[in-house]
K.L.:
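Take this structure first; my questions come after.
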Amino acid sequence: MDIIAEDKQLKIKITDDFDPVKIFECGQCFRWNALEDGDYVGVVRSAAARVHFENGTAYIKATGGDVLLWSDYFDLETDYAGIRAGLCVDDYMRRCSQSGAGIRILRQEPWEALCSFIISQCNNIPRIKGIVERLCANFGERIEFEGREYYSFPEAEKIALLSEKDLSVIRAGYRAEYIIAAARSAVSGETDFELLDKMDAVSAKKEIMKLRGVGSKVADCFVLFGLHKLNAFPIDVWMKRAIAEHYGKSFSPGIFGDYAGLAQQYMFHYARNVRQEE
DNA sequence: GAACAGGCAACTC
DNA sequence: GAGTTGCCTGTT
(Lines give C-alpha, C1' and ligand atoms only; values in the text may rest on other atoms or scores of the structure.)
Protein backbone atom coordinates (compact mmCIF):
# COMPACT_ATOMS: atom_id res chain seq x y z
CA MET A 1 0.00 0.00 0.00
CA ASP A 2 1.25 3.48 -0.85
CA ILE A 3 0.66 5.91 1.96
CA ILE A 4 1.11 9.57 1.17
CA ALA A 5 0.63 12.34 3.73
CA GLU A 6 -0.73 15.44 2.06
CA ASP A 7 -2.97 18.37 2.93
CA LYS A 8 -3.47 17.23 6.51
CA GLN A 9 -4.78 13.94 5.33
CA LEU A 10 -3.44 10.53 4.50
CA LYS A 11 -3.91 9.20 1.04
CA ILE A 12 -3.66 5.44 0.87
CA LYS A 13 -3.45 3.84 -2.52
CA ILE A 14 -5.23 0.59 -1.88
CA THR A 15 -3.49 -2.37 -3.47
CA ASP A 16 -5.05 -4.99 -1.20
CA ASP A 17 -8.50 -5.83 0.18
CA PHE A 18 -10.06 -2.70 1.65
CA ASP A 19 -13.81 -2.12 1.76
CA PRO A 20 -14.83 0.50 4.34
CA VAL A 21 -18.44 -0.66 4.52
CA LYS A 22 -17.44 -4.24 5.21
CA ILE A 23 -14.63 -3.24 7.57
CA PHE A 24 -16.85 -1.00 9.68
CA GLU A 25 -20.12 -2.93 9.46
CA CYS A 26 -18.94 -6.50 9.94
CA GLY A 27 -19.47 -6.37 13.68
CA GLN A 28 -15.85 -6.05 14.77
CA CYS A 29 -16.14 -2.43 15.92
CA PHE A 30 -18.87 -0.16 17.22
CA ARG A 31 -17.49 3.34 16.96
CA TRP A 32 -17.61 4.07 13.23
CA ASN A 33 -20.68 5.61 11.69
CA ALA A 34 -21.57 6.45 8.10
CA LEU A 35 -22.29 10.09 7.33
CA GLU A 36 -24.84 11.21 4.75
CA ASP A 37 -22.17 11.29 2.05
CA GLY A 38 -21.08 7.71 2.76
CA ASP A 39 -17.84 8.65 4.53
CA TYR A 40 -17.21 7.02 7.89
CA VAL A 41 -16.35 8.92 11.03
CA GLY A 42 -14.95 7.27 14.12
CA VAL A 43 -12.60 7.59 17.05
CA VAL A 44 -9.37 5.67 17.51
CA ARG A 45 -7.49 6.21 20.75
CA SER A 46 -7.63 9.98 21.17
CA ALA A 47 -8.08 10.84 17.49
CA ALA A 48 -11.28 11.35 15.56
CA ALA A 49 -11.11 10.61 11.87
CA ARG A 50 -13.04 10.61 8.62
CA VAL A 51 -12.48 7.88 6.06
CA HIS A 52 -13.37 8.63 2.48
CA PHE A 53 -13.02 6.01 -0.21
CA GLU A 54 -12.91 6.71 -3.91
CA ASN A 55 -11.36 5.09 -6.98
CA GLY A 56 -9.27 2.60 -5.08
CA THR A 57 -7.90 5.21 -2.73
CA ALA A 58 -8.72 5.70 0.93
CA TYR A 59 -8.41 9.20 2.38
CA ILE A 60 -8.04 9.53 6.11
CA LYS A 61 -8.46 12.93 7.67
CA ALA A 62 -7.89 12.92 11.41
CA THR A 63 -7.41 15.15 14.43
CA GLY A 64 -4.21 13.31 15.19
CA GLY A 65 -2.22 10.18 14.76
CA ASP A 66 0.60 9.79 12.33
CA VAL A 67 0.94 7.46 9.41
CA LEU A 68 2.00 4.70 11.77
CA LEU A 69 -1.16 4.83 13.85
CA TRP A 70 -3.40 4.48 10.84
CA SER A 71 -1.41 1.89 8.99
CA ASP A 72 -1.31 -0.10 12.22
CA TYR A 73 -5.02 0.36 12.94
CA PHE A 74 -6.05 -0.73 9.47
CA ASP A 75 -3.47 -3.50 9.51
CA LEU A 76 -2.07 -2.35 6.20
CA GLU A 77 1.02 -4.54 6.41
CA THR A 78 -1.06 -7.70 6.21
CA ASP A 79 -1.81 -9.26 2.84
CA TYR A 80 -5.51 -10.01 3.12
CA ALA A 81 -5.98 -10.90 -0.53
CA GLY A 82 -3.23 -13.46 -0.19
CA ILE A 83 -4.65 -14.93 2.99
CA ARG A 84 -8.09 -15.02 1.43
CA ALA A 85 -6.82 -16.99 -1.53
CA GLY A 86 -5.28 -19.54 0.81
CA LEU A 87 -8.52 -19.98 2.75
CA CYS A 88 -10.53 -21.43 -0.10
CA VAL A 89 -10.45 -24.99 1.19
CA ASP A 90 -13.84 -25.79 -0.30
CA ASP A 91 -16.49 -24.33 -2.54
CA TYR A 92 -18.54 -22.89 0.31
CA MET A 93 -15.56 -21.03 1.77
CA ARG A 94 -14.71 -19.82 -1.71
CA ARG A 95 -18.13 -18.19 -1.93
CA CYS A 96 -17.83 -16.79 1.60
CA SER A 97 -14.42 -15.25 1.04
CA GLN A 98 -15.45 -13.81 -2.30
CA SER A 99 -18.45 -12.12 -0.71
CA GLY A 100 -16.37 -10.84 2.19
CA ALA A 101 -13.45 -9.61 0.14
CA GLY A 102 -12.41 -6.22 1.48
CA ILE A 103 -12.78 -7.03 5.17
CA ARG A 104 -9.77 -6.27 7.32
CA ILE A 105 -9.38 -6.99 11.03
CA LEU A 106 -8.75 -3.67 12.73
CA ARG A 107 -6.10 -3.46 15.42
CA GLN A 108 -8.27 -2.13 18.19
CA GLU A 109 -7.16 -1.40 21.73
CA PRO A 110 -7.48 -4.52 23.90
CA TRP A 111 -9.39 -2.75 26.65
CA GLU A 112 -11.84 -1.19 24.23
CA ALA A 113 -12.45 -4.53 22.54
CA LEU A 114 -12.89 -6.38 25.83
CA CYS A 115 -15.32 -3.83 27.17
CA SER A 116 -17.26 -3.58 23.90
CA PHE A 117 -17.71 -7.32 23.56
CA ILE A 118 -18.78 -7.70 27.17
CA ILE A 119 -21.49 -5.19 26.29
CA SER A 120 -22.33 -7.08 23.11
CA GLN A 121 -23.69 -10.16 24.84
CA CYS A 122 -27.35 -10.77 24.19
CA ASN A 123 -27.57 -7.47 22.37
CA ASN A 124 -27.99 -6.20 18.82
CA ILE A 125 -25.60 -3.85 17.06
CA PRO A 126 -27.68 -0.64 17.30
CA ARG A 127 -28.07 -1.12 21.01
CA ILE A 128 -24.41 -2.05 21.55
CA LYS A 129 -23.44 1.11 19.71
CA GLY A 130 -25.79 3.15 21.87
CA ILE A 131 -24.34 1.81 25.10
CA VAL A 132 -20.75 2.27 23.90
CA GLU A 133 -21.51 5.83 22.77
CA ARG A 134 -23.01 6.71 26.16
CA LEU A 135 -20.01 5.14 27.86
CA CYS A 136 -17.68 7.35 25.85
CA ALA A 137 -19.79 10.51 26.08
CA ASN A 138 -20.04 10.21 29.85
CA PHE A 139 -16.56 9.03 30.74
CA GLY A 140 -14.28 9.62 27.73
CA GLU A 141 -12.33 12.69 26.69
CA ARG A 142 -14.00 15.22 24.46
CA ILE A 143 -12.62 15.60 20.93
CA GLU A 144 -13.69 18.31 18.52
CA PHE A 145 -13.60 17.43 14.86
CA GLU A 146 -15.16 19.15 11.85
CA GLY A 147 -17.38 21.17 14.10
CA ARG A 148 -18.79 18.17 15.91
CA GLU A 149 -18.10 16.59 19.26
CA TYR A 150 -16.66 13.14 19.69
CA TYR A 151 -15.39 11.25 22.68
CA SER A 152 -12.53 8.86 23.22
CA PHE A 153 -13.11 5.44 24.70
CA PRO A 154 -12.63 5.85 28.46
CA GLU A 155 -9.51 4.32 29.99
CA ALA A 156 -9.92 1.31 32.26
CA GLU A 157 -8.49 3.48 35.06
CA LYS A 158 -11.49 5.76 34.81
CA ILE A 159 -14.09 2.97 34.72
CA ALA A 160 -12.41 1.16 37.61
CA LEU A 161 -13.30 4.04 39.92
CA LEU A 162 -17.02 3.95 39.08
CA SER A 163 -19.86 2.21 40.86
CA GLU A 164 -22.63 0.29 39.12
CA LYS A 165 -24.86 3.22 39.91
CA ASP A 166 -22.47 5.61 38.15
CA LEU A 167 -22.66 3.38 35.11
CA SER A 168 -26.44 3.22 35.06
CA VAL A 169 -26.50 6.21 32.68
CA ILE A 170 -25.16 4.03 29.88
CA ARG A 171 -27.99 1.50 30.37
CA ALA A 172 -25.83 -1.57 30.03
CA GLY A 173 -28.04 -3.48 32.44
CA TYR A 174 -26.56 -6.49 34.20
CA ARG A 175 -23.38 -6.05 32.13
CA ALA A 176 -22.38 -2.99 34.21
CA GLU A 177 -21.05 -5.24 36.95
CA TYR A 178 -18.91 -7.12 34.41
CA ILE A 179 -17.52 -3.91 32.90
CA ILE A 180 -16.41 -2.54 36.24
CA ALA A 181 -14.89 -5.84 37.33
CA ALA A 182 -12.98 -6.08 34.03
CA ALA A 183 -11.72 -2.50 34.39
CA ARG A 184 -10.51 -3.16 37.94
CA SER A 185 -8.82 -6.35 36.86
CA ALA A 186 -7.03 -4.48 34.07
CA VAL A 187 -5.94 -1.68 36.41
CA SER A 188 -4.71 -4.04 39.12
CA GLY A 189 -2.60 -5.86 36.56
CA GLU A 190 -4.40 -9.13 37.18
CA THR A 191 -5.52 -8.88 33.58
CA ASP A 192 -2.37 -7.88 31.75
CA PHE A 193 -2.99 -7.12 28.08
CA GLU A 194 0.71 -7.12 27.20
CA LEU A 195 1.09 -10.53 28.72
CA LEU A 196 -2.01 -11.82 26.96
CA ASP A 197 -0.63 -10.47 23.72
CA LYS A 198 2.42 -12.69 24.05
CA MET A 199 0.31 -15.81 24.54
CA ASP A 200 -1.17 -17.99 21.85
CA ALA A 201 -4.87 -17.59 21.12
CA VAL A 202 -5.98 -20.62 23.14
CA SER A 203 -4.10 -19.57 26.30
CA ALA A 204 -5.21 -15.95 26.01
CA LYS A 205 -8.83 -17.06 25.63
CA LYS A 206 -8.61 -19.34 28.65
CA GLU A 207 -7.07 -16.53 30.68
CA ILE A 208 -9.59 -13.82 29.76
CA MET A 209 -12.47 -16.21 30.48
CA LYS A 210 -11.57 -15.95 34.15
CA LEU A 211 -13.35 -12.59 34.11
CA ARG A 212 -17.01 -12.58 35.07
CA GLY A 213 -19.21 -12.01 32.07
CA VAL A 214 -16.62 -13.31 29.63
CA GLY A 215 -17.63 -16.65 28.15
CA SER A 216 -16.40 -18.47 25.10
CA LYS A 217 -17.82 -16.15 22.44
CA VAL A 218 -16.84 -12.87 24.06
CA ALA A 219 -13.39 -14.28 24.79
CA ASP A 220 -12.86 -15.25 21.16
CA CYS A 221 -13.98 -11.79 20.01
CA PHE A 222 -11.52 -10.23 22.43
CA VAL A 223 -8.66 -12.43 21.23
CA LEU A 224 -9.47 -11.85 17.55
CA PHE A 225 -10.29 -8.13 17.62
CA GLY A 226 -8.48 -6.94 20.74
CA LEU A 227 -5.32 -9.02 20.48
CA HIS A 228 -5.40 -9.47 16.72
CA LYS A 229 -4.79 -13.18 16.90
CA LEU A 230 -6.15 -14.20 13.56
CA ASN A 231 -6.78 -17.84 14.41
CA ALA A 232 -9.42 -17.07 17.08
CA PHE A 233 -12.84 -18.21 15.88
CA PRO A 234 -15.90 -16.66 17.62
CA ILE A 235 -19.05 -18.75 17.29
CA ASP A 236 -22.40 -17.03 17.75
CA VAL A 237 -25.85 -18.13 16.61
CA TRP A 238 -25.18 -17.15 12.98
CA MET A 239 -21.97 -19.12 12.94
CA LYS A 240 -23.62 -22.06 14.65
CA ARG A 241 -26.23 -22.18 11.92
CA ALA A 242 -23.69 -21.84 9.13
CA ILE A 243 -21.44 -24.52 10.62
CA ALA A 244 -24.32 -26.94 11.15
CA GLU A 245 -25.45 -26.44 7.59
CA HIS A 246 -22.12 -26.72 5.83
CA TYR A 247 -19.78 -28.70 8.03
CA GLY A 248 -21.78 -30.62 10.60
CA LYS A 249 -20.88 -31.78 14.06
CA SER A 250 -17.29 -32.75 13.43
CA PHE A 251 -16.32 -29.18 12.47
CA SER A 252 -13.10 -27.68 13.78
CA PRO A 253 -11.80 -24.18 12.95
CA GLY A 254 -8.46 -25.90 12.47
CA ILE A 255 -9.43 -26.77 8.90
CA PHE A 256 -8.85 -23.10 8.05
CA GLY A 257 -5.39 -23.01 9.58
CA ASP A 258 -3.67 -19.97 11.08
CA TYR A 259 -6.22 -17.53 9.66
CA ALA A 260 -9.40 -19.22 10.84
CA GLY A 261 -10.54 -15.91 12.32
CA LEU A 262 -10.64 -14.39 8.87
CA ALA A 263 -12.54 -17.40 7.59
CA GLN A 264 -14.98 -16.74 10.42
CA GLN A 265 -15.43 -13.16 9.27
CA TYR A 266 -16.12 -14.27 5.72
CA MET A 267 -18.59 -16.95 6.84
CA PHE A 268 -20.31 -14.46 9.11
CA HIS A 269 -20.53 -11.87 6.37
CA TYR A 270 -21.88 -14.41 3.90
CA ALA A 271 -24.49 -15.71 6.35
CA ARG A 272 -25.67 -12.24 7.26
CA ASN A 273 -25.46 -10.33 4.00
CA VAL A 274 -25.56 -12.71 1.09
CA ARG A 275 -27.20 -15.98 1.76
CA GLN A 276 -30.72 -14.76 2.58
CA GLU A 277 -30.79 -12.85 -0.70
CA GLU A 278 -30.36 -16.02 -2.70
C1' DG B 1 -48.18 -8.10 28.24
C1' DA B 2 -45.05 -11.80 26.76
C1' DA B 3 -41.36 -13.37 24.22
C1' DC B 4 -37.09 -12.62 22.57
C1' DA B 5 -32.13 -10.97 21.64
C1' DG B 6 -25.09 -11.82 18.06
C1' DG B 7 -24.48 -14.46 26.02
C1' DC B 8 -22.99 -15.74 30.67
C1' DA B 9 -23.16 -17.83 35.31
C1' DA B 10 -24.96 -20.69 38.64
C1' DC B 11 -27.37 -24.31 39.44
C1' DT B 12 -29.39 -28.92 38.60
C1' DC B 13 -29.17 -33.74 37.51
C1' DG C 1 -21.65 -32.37 30.15
C1' DA C 2 -26.25 -31.27 28.97
C1' DG C 3 -30.16 -28.69 30.29
C1' DT C 4 -32.58 -24.79 32.74
C1' DT C 5 -33.16 -20.18 34.46
C1' DG C 6 -32.33 -15.33 35.75
C1' DC C 7 -30.27 -11.37 34.27
C1' DC C 8 -31.14 -5.37 32.43
C1' DT C 9 -32.93 -3.12 28.66
C1' DG C 10 -35.19 -2.44 24.38
C1' DT C 11 -37.90 -4.11 20.54
C1' DT C 12 -41.63 -6.74 18.35
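Reckoned from all heavy atoms, side chains included, excluding hydrogens, waters and symmetry mates.
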K.L.:
So does A:Arg171 get a side-chain nitrogen or oxygen closer than 4.0 Å to the phosphate oxygens (OP1/OP2) of C:dG10?
P.N.:
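So the side-chain polar atoms of A:Arg171 do come within 4.0 Å of the phosphate oxygens OP1 or OP2 of C:dG10, strictly under.
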
K.L.:
Any strand is fair game: report the nucleotide pairing with C:dC8 by Watson-Crick or G-U wobble, both distances under 3.5 Å, or none.
P.N.:
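Its partner is none (no Watson-Crick or G-U wobble pair with both distances under 3.5 Å).
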
K.L.:
Take atom P in C:dG6 and the same atom in B:dA2, then report the distance between them in whole Å.
P.N.:
14 Å

K.L.:
In whole Å, what is the span from the CZ atom of A:Phe117 to the P atom of B:dC8?
P.N.:
12 Å

K.L.:
Is the side chain of A:Asp39 donor-acceptor paired with the backbone N or O of A:Arg50 at a distance under 3.5 Å, no angle test?
P.N.:
no

K.L.:
Could you give the CD-to-C1' distance, from A:Gln121 to C:dC7, as a whole number of Å?
P.N.:
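My rounded result for the distance is 10 Å.
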
K.L.:
Verify whether one side chain among A:Asp166 and A:Ser163 offers a donor that lies under 3.5 Å from an acceptor in the other.
P.N.:
yes

K.L.:
Atom CD1 of A:Ile208 to atom C1' of B:dC8: distance rounded to whole Å?
P.N.:
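Rounded to the whole Å, the gap is 15 Å.
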
K.L.:
Nearest-Å distance, CD1 (A:Ile128) to C1' (B:dG6)?
P.N.:
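After rounding, the reported distance stands at 7 Å.
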
K.L.:
Please determine whether the number of non-hydrogen atoms from other residues, nucleotides or ligands lying under 6.0 Å from atom CD of A:Glu146 exceeds 12.
P.N.:
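Yes - once you tally the heavy atoms of other residues, nucleotides and ligands closer than 6.0 Å, there are more than 12.
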
K.L.:
For C:dT11, does the base pair up with any side-chain atom of A:Arg127 as donor and acceptor (N or O, under 3.5 Å, distance only)?
P.N.:
no

K.L.:
Tell me the partner of B:dC11, counting only Watson-Crick (N1-N3 plus N6-O4 or O6-N4) or G-U wobble (N1-O2 and O6-N3) with both under 3.5 Å; none if nothing fits.
P.N.:
C:dG3

K.L.:
Taking the minimum atom-to-atom distance to the side chain of A:Val237, which one of B:dA9, B:dG6, B:dA5 wins?
P.N.:
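Selected nucleotide (nearest to the side chain): B:dG6.
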
K.L.:
When the P atoms of C:dA2 and B:dG6 are compared, how many Å lie between them, rounded to an integer?
P.N.:
24 Å

K.L.:
Take atom P in C:dC8 and the same atom in B:dC11, then report the distance between them in whole Å.
P.N.:
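16 Å, rounded to whole Å.
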
K.L.:
Check the distance between C:dC8's C1' and A:Asn124's CG and give it to me in whole angstrom.
P.N.:
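Those two atoms, CG and C1', are 14 Å apart.
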
K.L.:
Is it the case that atom OH in A:Tyr259 sees more than 12 heavy atoms from other parts of the structure closer than 6.0 Å?
P.N.:
no

K.L.:
For the pair made of CG in A:Asn123 and C1' in B:dC8, what is the distance, rounded to whole Å?
P.N.:
13 Å

K.L.:
In whole Å, I'd like the distance from the CG atom of A:Leu211 to the C1' atom of B:dA9.
P.N.:
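The distance from CG of A:Leu211 to C1' of B:dA9 comes to 14 Å, rounded to the nearest Å.
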
K.L.:
Roughly, in whole Å, what's the span from CD1 in A:Ile131 to P in C:dT11?
P.N.:
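Between P of C:dT11 and CD1 of A:Ile131: 11 Å.
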
K.L.:
Examine the base of B:dG7 for any acceptor or donor lying under 3.5 Å from a partner atom in the side chain of A:Tyr174, and report the outcome as yes or no.
P.N.:
yes

K.L.:
Should the side chain of A:Arg175 and the base of C:dC8 be counted as holding a donor-acceptor pair, with the cut-off at 3.5 Å?
P.N.:
yes

K.L.:
Between C:dT11 and B:dC8, how far is it from one P atom to the other, in whole Å?
P.N.:
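Each nucleotide's P atom is 23 Å from the other's.
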
K.L.:
Would you confirm whether A:Arg104, through its side chain, and A:Thr78, through its main-chain N or O, come within 3.5 Å as a donor-acceptor pair?
P.N.:
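Yes.
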
K.L.:
Can you figure out which of B:dA9, B:dG6, C:dC7 approaches the side chain of A:Arg212 most closely?
P.N.:
B:dA9

